[in-house]
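Shown next, in structure tokens, is the structure this report addresses.
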Amino acid sequence: MSTEVYDCIVIGAGIQGSCTAYHLAKNKQKTLLLEQFLLPHSRGSSHGQTRIIRKAYEEDFYTQMMQESYELWAQLEREAGVQLYRRTGLLVMGPENRKGFSQLKATMEKNKIPVEFLEKKEFNQHIPNVNLTDGNGALVDTTAGVLYADRSLRAVQGLYQTNGGVIKDGEKVIDIKPGDVVTVTTGSGLYRGRSLVITAGPWANKLMTCAGLQLPLKVVKINVCYWEEKIPGTYSVDHQFPCFIQMEPKEGEYDIYGLPSNEYPGLMKVCYHMGSETEPDERDKQKDRGDIDILARYITRCLPGLVPVPAVVESCMYTVTPDHHFILDCHPTYSNIIIGAGFSGHGFKFSPVVGKVLSQLAMGQIPSHDLSPFSIHRFQSNARSSL
Ligand SMILES: Cc1cc2nc3c(=O)[nH]c(=O)nc-3n(C[C@H](O)[C@H](O)[C@H](O)COP(=O)(O)OP(=O)(O)OC[C@H]3O[C@@H](n4cnc5c(N)ncnc54)[C@H](O)[C@@H]3O)c2cc1C
């Protein structure tokens, strides 16, 4: 074992671990970022070219965290000298008489987020080629847009290294020994750190077994579907088509979201915000396509300019908590082990601010955001600490 002791070891080089490591290195912390796969890889949750960024949320705490997140994304763009965000606006549609849509509207107004409300009769003047479902309201979060995901991950990891951070990829962590100095064992060696951050995405529970903790996390496979435009360009970023979220397309269904055609010309990404349960290492054995049927029916009804059969289907995973809110907290027994998990399919846009608060916890500082909505204690009996 090397005698070297890091200020912090971060496990998992997805977007959350990479942003955490970046903030630590910027704060002159001697940091090691460990990743089980060779980088870059497409087996977790952070790969792919695009993600939606928005302030439109039902909860104040997300909307407020996003105010800072936008600033941090802009700072990352300046530091890396690359464009990571493209403003497109986000169209939100949802049943007017249901809590979700009216709550989101109220939160946006309360927090003074720039928003345009679209009346049914003028809807198609603003948003052609979309059929608004009867009984649905519509608004546009005008500062929302697209984040270039793969590019962001590369940029953050690059900046982390520029600030003196060390990445070791192809090193799977197989054991964690808590203590004032935490010892981490990988297939290749032992590392020691005064604090440890676990940002292992879908593998979080597997890894936390070695730290004596199990959280109520469900891993689901997402079919990332791209649909062909009947007339190329109809829903493209160059034709000012926005990202969209359709809340509760039918009673009891999860949201559907889409991004304007961009990464694959002529194809628009439209996905269902839930999938079927899987083991993270067996993702490709999960063949359920029930979500694709829901999407095809929605596209036939509401996006008539798309062929309702997916042209490309890729795979990704969500790690979902029971209330769909993140986990950003210290281990209940070991305050120098920090956990960032359960991003429930909406964590990418927050990663600069998530990285900042996880780094603050790792440095023993008071986090700059109220983390009570993200505490482990909220699960009470569902979180089991065996140490
Ligand atoms: C299809 C899809 C669409 C999405 N759309 C949006 C969106 O529009 N907007 C948005 O904000 N968010 C979105 N998200 C969510 C967002 O992408 C995730 O919340 C985020 O990427 C989670 O990052 P992570 O770092 O927690 O996980 P991951 O990216 O999975 O990273 C965890 C890393 O830990 C590594 N690891 C695990 N175990 C070990 C070990 N034992 N040793 C070493 N390394 C280990 C893994 O290999 C992995 O690289 C989407 C997600 C998906 C799948």
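It should be emphasised that the depicted structure is a prediction, and the values quoted were computed from it without experimental measurement. Just so you know, ligand 1 is whichever comes first in the structure, and atom 1 is the first atom listed for that ligand.
Looking at Phe379, Phe343, Phe61 one by one, the single match for ring-ring contact (aromatic ring centres under 6.0 Å, His included) with Phe374 turns out to be Phe61.
The distance from ligand 1 to the heavy atoms of Val224 drops below 4.0 Å at these ligand atoms: 1 (C). Set against the non-hydrogen atoms of Lys172, the atoms of ligand 1 under 4.0 Å away are 41 (N), 42 (N). For ligand 1, the atoms closer than 4.0 angstrom to any heavy atom of Ile222 are 1 (C). Of all atoms in ligand 1, numbered sequentially from 1 with element shown, those under 4.0 Å from a heavy atom of Pro202 are 30 (O).
Looking at Val173 next to ligand 1, an N or O pair under 3.5 Å apart turns up. For the pair His346 and ligand 1, the shortest N or O to N or O distance falls below 3.5 Å. For ligand 1, the polar-atom distance check against Trp203 finds no nitrogen or oxygen pair separated by under 3.5 Å. Between Gly347 and ligand 1, at least one pair of N/O atoms sits closer than 3.5 Å. Remark: ligand 1 and Phe350 share no N or O pair separated by less than 3.5 Å (distance only, no angle test).
Between Ile11 atom CD1 and Glu171 atom CD the span is 11.0 Å, to the nearest 0.5 Å.
Figure legend: Arg87 and Tyr85 shown without cation-pi pairing, the cationic atom not lying both under 6.0 angstrom from the six-membered ring centre and within 45 degrees of its axis.
By the 4.0 Å N-to-carboxylate-O rule, Asp60 lies too far from Lys112 to be salt-bridged with it. Ion pairing of Arg54 with Asp141 is absent here, as no side-chain N (NZ or NE/NH1/NH2) approaches a carboxylate O to less than 4.0 Å.
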